[in-house]
Q: 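The structure that follows is given in the form of structure tokens.
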Amino acid sequence: MELSSLLHDLHLSSSSSEKPLPSPSLPPITELLSRLREKLIGASSDSEKSILIRRVERLFQTADPDWLCPSQANQDAGWAELQAAYSSLVCALIGCASLPLCEDDCSSLPEAAYQSVPSRAEPVCSALTALLGTLGNGGQTGVLLAVAPPICVFAVTHFQDQAWTSSSSRAAAQSLQEALLRAGGWRDTPHLLMGDRSQLEEGDEGGERSRGIVGGILDVLQPQLTKDSWQRCEAVKLVFAWTLLQVTRPSLSPHLPYLLPPSLLLNDHFRPENCILGVRCLHHIVLNTPAADLRQFNRAEVIYQALFKHLYTTEAAVIQPVLSCLLDLLLVLEKPPSSLAPSSTRRKPCRHDDVLRLILTHMEAEHKVALRRVYASALPPYIDSMGVAVCRHLRRLERVVLGYLEVRDPPEETSRLKILEALQKTIKAAWPRMACRVAVLLRCLLKLLLDVSSDSQLSDSVRQQLMKQTTLCIKQLDDVSQGNLQPLLQQVDSSCCSPEVLSSLKQITMTTDR
């Protein structure tokens, strides 16, 4: 279909004549885009919108690029008008496939509410892809940068596997995202979001396109990321998290005032899935923001308080990322006790102590297998960070070690293996204070060797790991006691032990003799 006929069918001619317009009588592109936007917004049914969208796509595919992207627009005030016209039309197209909103901030919509979204999203993806092809070929960098943020938000919303997408709509959205990268000459998604910092610093001619669009995306999302509105649209949090997790240092720090508040909102939510997403966002911020920026305005302390309260939850899926994030955040707030000079005569209790004390307290009483595994896995790095200051927690730590080594954790024995690792680190860090605990720990470790050697339900690899790690602990205790365990180990009744246990004990004595 020729352009004049297309304009006539859309009733967008600039004269009162119903005949197709000749090329010289084409209306200004800004007028056409504005009237297209009005028609899209005013369409009363999905079928009417679908027809309009297909015709818009055809327009971008067949019209003269010099008319769609006039070069003189860059040289006068028409540039701003052209940019605004394209931005408004893109927003109108995206609105044709908008997601339904929840009635309040507590409930969620059933999957049936999203049934019509995929079929509405696909033609919008096609029309936007055609537009990007025109803008990419026309060299309209300013217009492209103006429409790129909302297009990117739309593509990310629909290429994820969610209730409002189908396999075909996800494929269309993924193609739209790829078209966006091609149009702007961006290498990949991080380059699209963050731009090329080195080129900007050198002041190259392509600097405008090298800025990245993360700021524009946050501007698009900001009205929907307030405390009262972010829960009404299911896609907003996913697009925000996707954007944040793609941005790394040094590009993240300038946008911190816009990234931190929504992350804290997610973190504070009562639903575990939202809370976990918020913790992931906060952890990414901690890892990719300079410590000085995090300490500014007391941000690090705010994050610490927001995370610390999660240590009282019973959700293993929440506790695991929280413990990992806290370990990295503590390094921002204070020096780890392990880094203090050995000559320091006074080591004041700090936040490391508060976190470790609460972890050990919960470990003592915990009976859920999933939580026991999470706590046991988190314990070794915290002991590493504490160093010799772990002496302040030895009584509670000893009770935890004894309790966890007594309980089986098939099939991988994760809890026992991690507790053995934690015990090895504790003995190494606090060896002057371990001599009085050797007898109790040795009894527990020998019992563990006997139990493991006779446990037929364990695989050979797990059994060997447990026996190896237990033997290393006994060897460390022997070193701490300056070889005083040798007589005790040699008096072990061979009739009560398997050949594997005897071999392990023999390795300890042979190593000590050398």
Side-chain angles (χ1 to χ4, degrees), residues 272 276 310-327 355-386 390 393-429 434 437 440-477 496-501 503-505 508:
I276 294 170
H310 289 313
L311 296 181
Y312 293 94
T313 187
T314 57
E315 294 283 346
V318 175
I319 287 288
Q320 186 172 16
V322 166
L323 290 175
S324 178
C325 184
L326 273 174
L327 188 62
V355 175
L356 182 58
R357 185 183 301 112
L358 190 56
I359 291 174
L360 293 173
T361 300
H362 290 167
M363 290 182 75
E364 280 192 81
E366 190 52 60
H367 64 279
K368 294 181 181 178
V369 174
L371 270 175
R372 288 170 68 91
R373 289 173 180 169
V374 169
Y375 282 129
S377 299
L379 193 55
Y382 273 93
I383 293 176
D384 265 339
S385 187
M386 289 295 296
V390 76
H393 308 275
L394 281 181
R395 288 186 180 180
R396 189 176 283 109
L397 182 57
E398 178 186 325
R399 294 195 297 268
V400 167
V401 168
L402 297 176
Y404 273 60
L405 291 182
E406 287 180 357
V407 180
R408 297 175 68 253
D409 182 24
E412 301 298 330
E413 293 289 351
T414 302
S415 297
R416 277 176 162 175
L417 287 171
K418 288 298 180 180
I419 289 296
L420 287 171
E421 182 184 349
L423 178 58
Q424 292 169 24
K425 293 180 180 296
T426 303
I427 296 172
K428 182 178 179 181
M434 298 302 296
R437 293 175 168 80
V440 176
L441 291 173
L442 178 62
R443 188 181 302 113
C444 177
L445 292 171
L446 289 175
K447 183 177 183 299
L448 178 60
L449 277 177
L450 291 173
D451 291 344
V452 169
S453 65
S454 59
D455 192 342
S456 59
Q457 297 182 8
L458 290 177
S459 64
D460 290 339
S461 60
V462 173
R463 181 185 293 107
Q464 291 300 322
Q465 280 185 290
L466 278 171
M467 298 192 71
K468 179 181 178 181
Q469 298 304 318
T470 305
T471 302
L472 287 175
C473 290
I474 297 175
K475 173 64 175 61
Q476 284 183 296
L477 291 176
C496 299
C497 300
S498 66
E500 290 177 316
V501 175
S503 175
S504 298
L505 297 179
I508 297 172

Q: How long is the straight-line distance from CD1 of Ile359 back to OH of Tyr375, given to the nearest 0.5 Å?
A: 7.5 Å
Q: Nearest 0.5 Å, please: how far is CZ in Arg408 from CG in Leu448?
A: 11.5 Å
Q: Between Ile474 and Leu446, is there a side-chain heavy-atom distance shorter than 4.5 Å?
A: yes
Q: Could you list the residues that satisfy side chain to side chain donor-acceptor pair (under 3.5 Å) with Gln465, not counting sequence neighbours?
A: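 Residues passing side chain to side chain donor-acceptor pair (under 3.5 Å) with Gln465: none at all.
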Q: Roughly how far apart are Leu379 CG and Leu397 CG, rounded to 0.5 Å?
A: 6.0 Å
Q: Given 3.5 Å as the limit, does a donor-acceptor pair link the side chain of Ser377 with the main chain of Val374, or not?
A: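 No, the answer is negative, given that no donor and acceptor are paired below the 3.5 Å cut-off.
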Q: Please walk me through it: do Leu445 and Leu420 pass side chain to side chain contact (heavy atoms under 4.5 Å, CB included)?
A: CA-CA 9 Å; Leu445 292 171; Leu420 287 171; 3.9 Å; yes
Q: Hey, what do you get for NZ (Lys425) to CG (Leu423), rounding to the nearest 0.5 Å?
A: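 Spacing of NZ (Lys425) from CG (Leu423) equals 11.5 Å.
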Q: I'd like to check the side chain to side chain donor-acceptor pair (under 3.5 Å) partners of Gln476; sequence neighbours left out, ordered by chain and number.
A: none
Q: Should Leu466 and Asp455 count as side-chain neighbours, where that means a heavy-atom distance under 4.5 Å?
A: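 No, their side chains stay 4.5 Å or more apart.
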Q: What closest approach, in Å, do Gln424 and Cys473 show between heavy atoms, and which atom pair accounts for it?
A: CG-SG, 3.4 Å
Q: Just so I know, are the side chains of Leu477 and Arg437 near enough to count as touching, which here means a heavy-atom distance under 4.5 Å?
A: no
Q: So, using side chain to side chain donor-acceptor pair (under 3.5 Å) as the criterion, who are the partners of Lys447 when residues are at least two apart?
A: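 In terms of side chain to side chain donor-acceptor pair (under 3.5 Å), with neighbours along the sequence ignored, Lys447 is linked to Asp451.
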Q: Under the 3.5 angstrom rule, does the side chain of Glu412 hit a backbone N or O of Thr414 as a donor-acceptor pair?
A: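 No; zero donor-acceptor contacts below 3.5 Å.
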Q: Please name all residues satisfying side chain to side chain donor-acceptor pair (under 3.5 Å) with Arg399, sequence neighbours left out, ordered by chain then number.
A: Glu364
Q: Is there a side chain to side chain contact (heavy atoms under 4.5 Å, CB included) between Met434 and Leu441 once you walk through the steps?
A: CA-CA 9 Å; Met434 298 302 296; Leu441 291 173; 3.6 Å; yes
Q: Measure the spacing between NE2 of His362 and CZ of Arg357 and express it to the nearest 0.5 Å.
A: 12.0 Å
Q: Report yes or no: is the cationic atom of Arg416 (NZ for Lys, CZ for Arg) closer than 6.0 Å to the six-membered ring centre of Tyr404, at no more than 45° off its axis?
A: no
Q: For Glu398 and Leu394, indicate whether the former's side chain and the latter's backbone hold a donor-acceptor pair under 3.5 Å.
A: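 Pair absent, no side-chain N/O of Glu398 close to backbone of Leu394.
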Q: Report, one line per pair, each donor and acceptor closer than 3.5 Å where one atom sits in a side chain of residues 311-324; sequence neighbours left out.
A:
unit_1: Thr313; atom_1: OG1; unit_2: Glu315; atom_2: N; d: 3.4

Q: Nearest 0.5 Å, what's the CE-CG distance between Met467 and Leu450?
A: 8.5 Å
Q: For the side chain of Ser385 and the backbone of Pro381, is there at least one donor-acceptor N/O pair under 3.5 Å apart?
A: no
Q: Return the set of residues passing salt bridge (charged side-chain N to carboxylate O under 4.0 Å, His left out) with Glu421 (not counting sequence neighbours), or none when no residue passes.
A: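 Expected list: Lys418.
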Q: For Val355 versus Tyr382, what's the shortest heavy-atom pair and its separation?
A: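 Heavy atoms of Val355 and Tyr382 come nearest at CG1-CE2, 3.6 Å.
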Q: Could you give me the CA-CA distance, side-chain angles and deciding distance for Asp409 and Leu417, then say whether side chain to side chain contact (heavy atoms under 4.5 Å, CB included) is met?
A: CA-CA 10 Å; Asp409 182 24; Leu417 287 171; over 6 Å; no
Q: Under the criterion side chain to side chain contact (heavy atoms under 4.5 Å, CB included), I'd like the reasoning laid out for Val407 against Arg372: C-alpha separation, chi angles, the key distance, then a yes or no.
A: CA-CA 11 Å; Val407 180; Arg372 288 170 68 91; 3.6 Å; yes
